[in-house]
Each structure stands twice: as C-alpha cells, then as structure tokens.
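Along the sequence shown, residues carry numbers from 1.
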Amino acid sequence: MSNVHELTFLKEKIEQLKKEGVYRKLPVLEGPNEPEVIMNGKKVINLSSNNYLGFANHPRLKKAAIEAVEKYGAGAGAVRTIVGNMSLHEELEKILAEFKREEAVFVYQSGFNCNAGTIQAVTEEGDLIVSDELNHASIIDGTRLSKAARAIYKHSDMDSLEAVLKDARNNKKYKNILIITDGVFSMDGDIAKLPEIVELAEKYEAMTYVDDAHGSGVLGENGRGTVDHFGLHGRVDFSIGTLSKAIGVIGGYVAGSRTVYEWLSHRARPVLFSTSLPPAAVGAIIEAVKMLMESSEYTDRLWENARYWKEKIGNLGFNTGHSQTPITPVIIGDEAKTMEFSKRLFENGVFVSGIVYPTVPKGTGRVRCMVTAAHTKEQLDRAAEIFEKVGKEMNILK
C-alpha cells in the first residue's frame, strides 16, 4: 500500500542533513543508564547522561518504584483535577517543598511541560517576558505560547538586561514584567548571575523565573539548586526544577509561593489536560529526595569527579569553554568534524554525543561531557586516554 502523500519536502530536508554530515540515527541503550553501558551492541564508557548522581538505576529508587506500583498500580488513570491526584503526588509535592525550602511545589509530568505550562499561565497580553538569549528550547517554546510581548537580552549581560528593563518601565505600557533565565546553561555549563538578576528585578519591579534543570541536585546544599546556592530564598518568584536529571526519574516542578501553586492548579494546561505521573515514577522520586536530604554524599562525589575530569581534559589541551559546573563541553567548532570526533570516540570505547547547530550556534560544535557521581577514576582515566588518542589522530590536539 503506497502513501497518499510522499512528503517529498521532508525527504529533501533529510538528504540535506546527510550532506551536511549531521544526520544521525537514535542510539539504542541495551540495559540501564550506568557509567559503562552497552550502546548499539558495544560496551562503552558513558559520558552523555544527565544521570548526575547515578540515581537512575539506584537500588533504593528501584525498590521504591516497585512498592509504589504494588500499592497504587501501574498508572494514575486520569488528570490530577479528576481522579489522578493520588496521595502519593501530594506526598511528593510536600517533600519537594521541604527540600527546596519553599512554601509550595507544583509537579508536572516533565521539565519541558513546566515551561510550556507555567510561562503562559503567569503572563498575558500587556505583559513583557525578558529572556536570556541562550535559554533552553522549552523556555523559548513556553514563551511563544504566551500572549505577552517578548524581549531578549545578551547572554548573562547585566547591562543588556537593565537596558531592556529600563526601556520597558519608561514606556509604561507593560503591566507585569517576567525575567526568565536558566540557572545553569546546559550547553556551556555556566551559572546565571542570579544575584544581579534578582537585584535588577527588584529595582524595576519585575518577577524572576529560574529554570534550574541542570542546577537541581547539583548546586546548593545537598543539591537544592541555584536559588539555594546564592541564598536567594523568598526573592525568586518561580523556581523550576526537573526530576529527570539528577533525580534520575521523570517529571518537573515549580517551587514558589502557595499563591503560585493555587493558580497553576487551575491554569497549567499540561497538568489539566494530560494524565498525571505514574506511581512508579513518583515513588522513586520521593526516595531520591529523601536520599538528598539525608546526606551530601552524592553531590560531593559528583563535584569531585567533575573537577577531576575538567583538570585531565584541560591539561590535554582541549577547549572546555567557560563551564562552572559538571557539564564540560569539549568545543571542536566545525559541525561535521564534531560529529566525526563523536563517532571516532564511540569506536574507541567512549559514548559522548556531538552537539551542533541548531542546538548551539554555527561554528561552535562540541561534544558535551557529563560526568556523574557514579563514575570511577579508572573509568575517567580510560576515557581521557581515548580522547587524547582520537584528538591526536584528527589533529584536534597538536
């Protein structure tokens, strides 16, 4: 049976990707997400996971997930506003609020959903959204869903941000202004200048919104995030976190005031129109948060490994940019060369995905190394040796 539409225009676009050397097939993981994995049938050291703390396959999380399934079933069966709001979801929000040192937390099914649902719920026509130019794609998409006006400021440039805010207030045409920034920028690993952003927000009577996907479980006391890292509790209106990276499961949340919680429970479209998180995920997440509240063991080990890797890879002569966090980009530049570098690393026993335009600007292709708390020094040493070997073979290293 032939297709009614040949979709020739899409076939042509796919061919163009192949010509540019950036076409890829989805890699297939055969087993749990660990520091060493079987990927596409080959055993490799995994340096491409967001599983910062090694929680994704942790025995305590697996046990909690199984117990939650046995008590609550496989699925929630409905959206939260009908019959899908289980006591387990309430328990999760309570423990997250305690962990984040905030009044309340509202949970979504994913981090992307947080931005898609929250931004449009808290802004409207007559408002202005002011966004860092390197903010995550989900923030960009969330902003597009809002009827508010939009302005961009240069990346982490406080003069640029202030100019936008001053102009907006002088115009006197906006009711509310919302400043949005990533807490940690996912492609470069740099941290937002949150204290300065908050001061400018207070000076120009704007609200602040921090997407802490890569700060959750990484920065702050026991991984409480960027707001905690800078001691800004009570001064950031919307603190977004993910439950799929350091926490190791799936989901996202907004931490803030009780008022924020109440409004989102009426207007957060992804939660109102999509079934709530399954019990297994919620049970595992609760256990992960308990583990973080018990001890700094996992975050300490993550940072120790990150510093070790940065030093090793930097000493070899690779360009690691301006990272201030465990995210360590190795910047190659040329798109096709970046993808070839990633391919050759894999052939030699290291999986680290190449990241090129449009995810990063043209000419800044990189492999993004994600070291976790679960990696051993021996694994990192082996990975560094492979980086050096391939780097020299490809004339990336002199």
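- For the 3.5 Å distance criterion, the side chains of N135 and D211 fail to qualify, holding no donor opposite an acceptor.
- A donor-acceptor pair is defined here as one N or O able to donate and one able to accept, closer than 3.5 Å; no such pair exists between the side chain of E90 and the backbone of N85.
- The residue from V350, I38, V37 that alone fulfils the side chain to side chain contact (heavy atoms under 4.5 Å, CB included) condition with V44 is V37.
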Step-by-step salt bridge (Lys or Arg N to Asp or Glu O under 4.0 Å) determination, E15 to K18: CA-CA 5 Å; E15 284 308 311; K18 289 176 180 175; 3.6 Å; yes

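- No more than 12 heavy atoms of other residues, nucleotides or ligands shown are found within 6.0 angstrom of CD on E311.
- With respect to K389 and E393, a salt bridge is recorded, a charged nitrogen being found less than 4.0 Å from a carboxylate O.
- Using a 4.0 Å cut-off between charged side-chain N and carboxylate O, R382 and E36 make a salt bridge.
- R169 places a side-chain N or O within donor-acceptor distance of the main-chain N or O of Y204, the cut-off being under 3.5 Å.
- A donor-acceptor pair under 3.5 Å is formed between the side chain of D182 and the backbone N or O of H136.
- Between the T328 side chain and the P326 main chain, a donor and an acceptor come within less than 3.5 Å of each other.
- Side-chain atoms of H89 come within 3.5 Å of backbone N or O of L277 as a donor-acceptor pair.
- Within a 6.0 Å radius of NZ in K377, more than 12 heavy atoms belonging to other residues, nucleotides or ligands are found.
- The ring pair (Phe, Tyr, Trp, His ring centres under 6.0 Å) search around Y298 returns F55, H58, not counting sequence neighbours.
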query: Can you list the steps and then say if V371 with Y308 is a side chain to side chain contact (heavy atoms under 4.5 Å, CB included)?
result: CA-CA 10 Å; V371 174; Y308 185 80; over 6 Å; no

query: Run the side chain to side chain contact (heavy atoms under 4.5 Å, CB included) check on E67 and E287 step by step: do they pass?
result: CA-CA 11 Å; E67 286 172 0; E287 191 63 26; over 6 Å; no

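- Scanning for side-chain contact (heavy atoms from CB on, under 4.5 Å) contacts around T325 gives V184, I191, W303, S323, I327, with sequence neighbours left out.
- Ring pair F106/W263: centre-to-centre distance not below 6.0 Å.
- Residues Y261 and Y253 keep their aromatic ring centres 6.0 Å or farther apart.
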